[in-house]
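Accompanying notes for the structure given below.
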Amino acid sequence: MEMDIDDTCKAKGEEEKAKPIVVILMGAPGSGKSTFCEHVVRSSARPWVRVCQDTINNGKAGTKVQCLTNAVSALKEGKSVFIDRCNLEKEQRVDFVKLGSPQVEVHAVVLDLPTKLCISRSVKRTGHEGNLQGGKAAAVVNRMLQKKELPKLSEGFSRILFCQNESDIHAALDMYSGFGPLDTLPHGCFGQKKPDTKVQLGIMKFLKKVEAPSNAGSSASSIQGSAASQIIEEKNSCCGGKETASSLTRTAREEVKSCQDPGVSSISHNGSSSDGPILAFPSISTADFQFDHDKASDIIVEKVEESMDKLGNTKLVLVDLTCRSKILSLVRAKAAQKNINPKKFFTFVGDITKLYSERGLRCTVIANAANWRLKPGGGGVNAAIFNASGPDLEVATKEQAKSLVPGSAVVVPLPSTSPLSSKEGVTHVIHVLGPNMNPQRPNCLDGDYVKGRQILQKAYTSLFEGFLSIVSTQAKLSQESNETIKLEPSKSQGHSKDGPRNHSPTGDQKNKRDGVHEHEISKKCKGSQNEVGTSINSFRTGKVNAENNKLDVSTSKAWGSWAQALYHIAMHPERHKDNLLEILDDVVVLDDLYPKAQKHLLVLTRCDGLDCLEDVRKEHLQLLKTMHAVGLKCAEEFLDEDASLVFRLGYHSVPAMRQLHLHVISQDFNSKHLKNKKHWNSFTTAFFRDSVDVIKEISNQGKATLKDYDNLLSMELRCHRCRSAHPNIPRLKSHTSNCRAPFPTSLLQNDRLVLAPNNTNNP
DNA sequence: GTTCTAGAAC
DNA sequence: GTTCTAGAAC
């Protein structure tokens, strides 16, 4: 197949004539225009002429007309032209833009470096062609830059590349140096970090201009929207598709050229499928989670095939960073075997966070191979996506869910303030958690591929359903909005019942709930007569049903491997006999491994499936009473030894360790293991639920109230006795070691505190 | 849950 | 410069 590409490229290349281009450089004196041209002219395979107004008159400064004349004659000879003058104002460049024609594209390369840098370079340089150097340069540069007007595509450029730092310039140099005579580059604005001008999306225009391959046997020359796809048209070219500072080495770019996916579809030229939303997704679990690539590729293809009928005008794209990617080639081969429509599903090489800006592929939805905590960090795709999104994604994610169980996905609408939204056009990120085969990571399946396969299948199902629900919700919003305008009813299109948010494959109820919300959103949008854009935007803030999803997810909390220790003890107490104080029928008692006070025990239930307070129901009432009784007995034994101690028995609202456990803890908090705010607040705020209260609640309401644990744990540090505030843990501890104030009255009621009979605190 | 550590606070 | 916190990694 790969041979096909090269053959096709060659054939196409031989047929085509080289097209000269005009590159209008823009930049203040000292921005490096001349250096840029000289470098490219020296190292490019394409014939170039540099038209420099400073030297055009036999080495002396000439006129604009001379520049234009020289440029025209160079173009006639088939040479490409650099216009090397400042061109900072629109007026100054308009005549040069007119050099363009259907045969001659006009590019802009903007060397938009900091003013200070340009000034200092101009002042320091010697031997400048135009003699703009030394003291006078500073004033000139400053004045020129005040009039700067950044170029827009509407002036007539087919592409504009902004360079705002040295690394941008290097990338641009690389690109134009390797830009062979037969190559073309995608149209549009690239590399602008502080958009003064609106980025114009020239990509669709570009895509539609690409001719369908004359060789019906291969679609290699029509790879969708990829700069690389165009560049492979010439076999010997080594130009990459990178637009800005690149992490891709030249070797990598050559690989893009040589192994780009033949199964990749082009945007349809009849227009039928060219405008649908695209989901870009990484291969789930095959990187850090070490899932077998062959098995994973089977699942991807199987799940994609299942989704085919539902895709409508949307597309799925499997993305990986390198074309050496084993998973991409496996999936390509298997998708081809199964005759999966390459217009609906294809593989793509690129950075999933820069698909539009660097590869010209606009994907409104991207999937993230998330961790169970839904936190940034780690490596790979997760780190890249969170980095590229700025803090917005983290905040938006928190609104949707706190964690994920393997096999599920959560849809997060991306705020438009996120760079990933503004630069790449991404409207949603779908976090997906796949199965883990890496013993170094949580929830390792220890090679159990029966489970692993099921989980990965669920993960892709959740992902694709999530994507389709976004699409159908947006379609619905748009449709309803139109209805409002037209004031005419229309029939339901029968879209997915699934809501747009959380897509646990087992969550039928969730889906129903989300469906309701979807309806509500639509109603809102009718009522307020919003425009489509506004409606989608309010939907994108994701606040509408965030609450539902928090509930959904917290019920299925995933536990890290480190959080399983108590569970293992409870399931096999006999294996841990040496560390246990007592083994009873329903509970075991043990010392907390890191006691946060002089005396700190745990009473642990042996009941499987009872992980935390949230799981406790009425049927566990007797168990709770047993746990309390056992804890109380232990506390009383301690009090016999030391009557000055005071105990409290209770549960953490949300424990860090799995398996319901009752803390029996003395109230001195005199321990080297009590180190941080979280430790302190987990025992001294409402986060700590007194056993007596829990028993009452279960008995009366059937479940325990869970306090707003995140806020409670980050509250200021206050003495648990006198409630005075302290700036840090050491100061707090030195206070509490001496504080003898009576305990707050709330604690003295209802037997929340366990004291020796003769303790003066005893009411 | 702890450990480690970058960087904030002092 | 030292102390302390908070977040990531495990």
Side-chain angles (χ1 to χ4, degrees), chain A residues 287-290 368-387 389-391 393-395 397-398 402-404 406 431 433 436-446 557-571 576 579 588 590-597 600-605 611-613 650-665 669 671-685 687-688 709-718 725-736:
Chain A
D288 196 31
F289 283 179
Q290 300 176 358
N368 176 31
N371 52 45
W372 73 271
R373 284 176 196 271
L374 293 170
K375 291 263 168 129
V381 172
N382 186 60
I385 290 180
F386 273 102
N387 279 340
S389 316
L393 178 61
E394 211 183 332
V395 174
T397 300
K398 271 185 191 160
K402 293 224 181 302
S403 62
L404 271 191
H431 297 295
L433 184 64
N436 170 36
M437 294 295 174
N438 178 353
Q440 306 293 314
R441 297 283 175 268
N443 298 313
C444 176
L445 293 173
D446 292 326
K557 172 172 176 170
W559 300 92
S561 53
W562 46 262
Q564 311 279 356
L566 294 178
Y567 174 74
H568 293 314
I569 293 173
M571 293 304 108
H576 303 86
N579 298 319
V588 293
L590 64 155
D591 274 315
D592 192 301
L593 189 58
Y594 300 92
K596 304 297 184 294
H600 186 182
L601 303 182
L602 303 178
V603 180
L604 184 64
T605 176
D611 287 340
C612 56
L613 210 45
Y651 301 86
H652 282 158
S653 285
V654 178
M657 306 285 282
R658 176 184 180 188
Q659 194 69 5
L660 184 72
H661 53 279
L662 173 72
H663 291 269
V664 177
I665 185 166
F669 298 114
S671 163
K672 64 174 183 182
H673 298 293
L674 199 158
K675 292 175 176 171
N676 58 44
K677 188 178 260 186
K678 193 172 163 183
H679 291 156
W680 180 258
N681 285 335
S682 73
F683 289 101
T684 60
T685 66
F687 184 88
F688 189 84
Y709 46 88
D710 259 1
N711 286 338
L712 289 168
L713 291 181
S714 55
M715 267 168 54
E716 61 189 344
L717 298 167
R718 283 189 178 276
H726 300 270
N728 54 45
I729 290 287
R731 298 267 286 275
L732 173 75
K733 282 179 137 184
S734 77
H735 165 83
T736 53

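The sequence lines fix the lettering, A, B, ..., with proteins before strands; numbering per chain opens at 1.
- In this structure, the ring pair (Phe, Tyr, Trp, His ring centres under 6.0 Å) partners of A:His661, at least two apart in sequence or on a different chain, are A:His663.
- In this structure, the salt bridge (charged side-chain N to carboxylate O under 4.0 Å, His left out) partners of A:Asp288, at least two apart in sequence or on a different chain, are A:Arg441.
- Residues that satisfy the side-chain contact (heavy atoms from CB on, under 4.5 Å) test with A:Ala570, not counting sequence neighbours, are A:Leu604, A:Gln659.
- Within 4.0 Å (heavy atoms only), A:Arg658 reaches no atom of the nucleic acid at all.
- Listed by chain and residue number, nothing satisfies the side chain to side chain donor-acceptor pair (under 3.5 Å) test with A:Ser653 (two or more places apart in sequence, or in another chain).
- Evaluation of the side-chain contact (heavy atoms from CB on, under 4.5 Å) rule for A:Lys678 yields A:Asn676, A:Leu713 as partners, not counting sequence neighbours.
- A:Leu593 comes within 4.0 angstrom of nothing in the nucleic acid, heavy atoms only.
- Partners of A:Thr685 under the side-chain contact (heavy atoms from CB on, under 4.5 Å) rule, at least two apart in sequence or in another chain, are A:Asn681, A:Phe687, A:Leu712, A:Met715.
- Shown here are the ring pair (Phe, Tyr, Trp, His ring centres under 6.0 Å) partners of A:Phe386, two or more places apart in sequence or in another chain: A:His431.
- For A:Phe688, the ring pair (Phe, Tyr, Trp, His ring centres under 6.0 Å) criterion is met by A:Phe683, not counting sequence neighbours.
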Quick test: give all pairs of protein nitrogen or oxygen and nucleotides 8-10 of chain B nitrogen or oxygen below 3.5 Å, distance rounded to 0.1 Å.
none

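- Atom CG of A:Asn436 and atom CG of A:Leu445 lie 6.5 Å apart (nearest 0.5 Å).
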All N/O pairs under 3.5 Å across the protein-nucleotides 4-7 of chain B interface:
none

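- Here A:His673 pairs with A:Tyr594 under the ring pair (Phe, Tyr, Trp, His ring centres under 6.0 Å) rule; sequence neighbours left out.
- Within the nucleic acid shown, A:His661 has no heavy atom closer than 4.0 Å to any nucleic acid atom.
- Within the nucleic acid shown, A:Lys675 comes within 4.0 Å of sugar-phosphate atoms alone, with no base atom in reach, counting heavy atoms only.
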What does the list of N/O pairs under 3.5 Å between the protein and nucleotides 1-3 of chain C look like, with a distance for each?
none

